[in-house]
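Reviewing the structure listed below.
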Amino acid sequence: MLVNEEIKLDYSDVLIRPKRSTMSSRGEVNLERTHNFLWSKKKWTGIPIMSSNMDTVGTPAMHKVLSKYKLITCPAKHHLKKDQDKFKKGKTNICWFGGIDDINNLAKATSGFIGLDVANGYTIKFVDAVKKLRDKCPDATIAAGNVVTADMTQELILAGADIVKVGIGPGSVCTTRIKTGIGYPQLSAVIECADAAHGLDAHIIADGGCVNSGDIVKAFAAGADFVMLGGMLAGHDECDGEVKNGVMKFYGMASESAMNRHGNHNAYRGAEGKTVEVEYRGKADDTIKDILSGIRSACTYVGATRLKTLSKCTTFVRVNSTHNTIFGKE
Ligand code: 5GP
């Protein structure tokens, strides 16, 4: 048994130091990025934020709003099998995710990127599935995950992934760390996996753990090429679910609620996700504008005229906790 004594960090363990800037307004910041993918040889341009492929937020209505801002939607898995047509708008701003059993359906997806998404991306079976998907779809932009370490990021890339999805345990409705003790602080996971991926000309998605726009900024600053959001997009008109007494249900894809909905109970598999009630927040449009404005503002603080240069302009400062004390009820 080994103990790694090196301190690993979460988003809340750091702040970004302001730096001299020549910019006079947030409007000067360009949040669009163009990514050229390693294996597919395809090019994508947009704002690299994506909705999580969860039942509640990976909806056609969310896609309509996100594509207006050139953000990406990852439809909830059940849409892959039967209603891809509902996600017609902004065809390039889609990433279809499925599990190992969905390879044939993924190969038939007619738009955007495709991806293999499992809770534990460390199995040989999963690496073989990525290879199989790459063999079937040589021209597709393929994402795969989730992992949290440089070695496995490289293995998935060498198996055929253009983009590796990073995050085990940071999700707002994830209980993996509590149930299994497995995980890795997300900021460090992003820094280490981005470094490994970029060395091979590949990309990463920072998946989970962002609770405000400052965290999204930190993920990009740490080297993320895309940031995936679940909880931050929950509770809106565009989500799947009803508003009752000012709250909406939001559940993990490995929660009891998801298992009941999709009937995928299994003797060996207990829930590793939970169901929570989130405050109803109206239109997703307002939240997205608020997020983009926060990122623009951060870029002006460090002198990054483009999101692309944010990481180069960043010096993280370790802090005890970034949570502000709130006086009174917001
Ligand atoms: P959030 O943005 O809400 O913090 O995190 C969203 C991410 O949490 C998803 O993209 C996915 O990777 C992860 N996730 C979603 N549902 C579950 C679940 O039931 N269990 C676990 N362990 N992770 C989940």
Side-chain angles (χ1 to χ4, degrees), residues 10-12 48-59 62 66 71-78 95-99 113 115-122 126 143-148 163-187 189-190 193 204-220 224 226-236 239-241 248-262 264-266 269-279 281 284 287-288 291:
D10 261 314
Y11 296 132
S12 60
I49 295 176
M50 34 179 50
S51 68
S52 183
N53 49 320
M54 297 168 77
D55 286 355
T56 38
V57 297
T59 64
M62 187 65 78
L66 296 187
L71 270 54
I72 297 173
T73 306
C74 303
K77 193 164 129 183
H78 62 270
C95 181
W96 294 99
F97 276 104
F113 315 154
L116 282 170
D117 173 61
V118 294
N120 173 8
Y122 282 75
F126 183 65
N146 282 23
V147 297
V148 284
I163 311 168
V164 173
K165 197 145 79 74
V166 174
I168 294 186
S172 56
V173 281
C174 164
T175 56
T176 297
R177 291 178 182 176
I178 298 161
K179 288 205 87 166
T180 68
I182 304 290
Y184 207 88
Q186 184 68 353
L187 182 85
V190 171
C193 296
I204 69 149
I205 302 169
D207 175 19
C210 291
V211 295
N212 50 45
S213 55
D215 290 342
I216 302 174
V217 170
K218 291 172 191 175
F220 283 127
F226 298 91
V227 177
M228 180 177 268
L229 306 176
M232 282 187 71
L233 295 176
H236 293 99
C239 293
D240 189 3
M248 285 182 90
K249 272 204 175 124
F250 174 54
Y251 56 85
M253 293 311 292
S255 66
E256 211 45 60
S257 303
M259 287 191 220
N260 290 340
R261 176 169 178 179
H262 301 294
N264 48 6
H265 282 275
N266 158 332
R269 197 212 237 160
E272 273 184 34
K274 59 184 175 182
T275 303
V276 296
E277 286 181 339
V278 294
E279 203 177 306
R281 291 191 280 162
T287 299
I288 292 157
I291 289 173

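One-based numbering along the sequence shown. In each ligand, atom 1 is the first atom listed, and ligand 1 is the first ligand listed.
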### Task
Answer yes or no: is there a donor N or O on one side and an acceptor on the other, between the side chain of R281 and the main chain of T287, under 3.5 Å?
no

### Task
Before giving the answer on side chain to side chain donor-acceptor pair (under 3.5 Å), spell out for E272 and T175 the whole-Å C-alpha distance, their side-chain angles and the decisive distance to 0.1 Å.
CA-CA 5 Å; E272 273 184 34; T175 56; over 6 Å; no

### Message
Under a 3.5 Å distance rule, please check whether K165 uses its side chain to pair with a backbone N or O of N146 as donor and acceptor.
### Response
no

### Task
List the steps, then state whether salt bridge (charged side-chain N to carboxylate O under 4.0 Å, His left out) holds for D55 with K249.
CA-CA 11 Å; D55 286 355; K249 272 204 175 124; over 6 Å; no

#### Entry: Backbone of L233 reached by a side-chain donor or acceptor of H236 within 3.5 Å
yes

What are the atom names and distances for all N or O pairs under 3.5 Å between ligand 1 and the protein?
residue  : atom   : partner : partner atom : Å
ligand 1 : 2 (O)  : G230    : N            : 2.8
ligand 1 : 3 (O)  : S172    : OG           : 2.6
ligand 1 : 3 (O)  : G231    : N            : 2.8
ligand 1 : 4 (O)  : S172    : N            : 2.9
ligand 1 : 4 (O)  : G209    : N            : 2.9
ligand 1 : 10 (O) : S52     : OG           : 2.6
ligand 1 : 10 (O) : D207    : OD1          : 2.5
ligand 1 : 10 (O) : D207    : OD2          : 3.3
ligand 1 : 12 (O) : D207    : OD1          : 3.3
ligand 1 : 12 (O) : D207    : OD2          : 2.5
ligand 1 : 16 (N) : M253    : N            : 2.9
ligand 1 : 19 (O) : M253    : N            : 3.1
ligand 1 : 19 (O) : A254    : N            : 2.6
ligand 1 : 20 (N) : E272    : O            : 2.7
ligand 1 : 22 (N) : T176    : OG1          : 2.8
ligand 1 : 22 (N) : E272    : O            : 3.3

### Query
Which of these, V57, I288, I72, sits in a side chain to side chain contact (heavy atoms under 4.5 Å, CB included) with L66?
I288

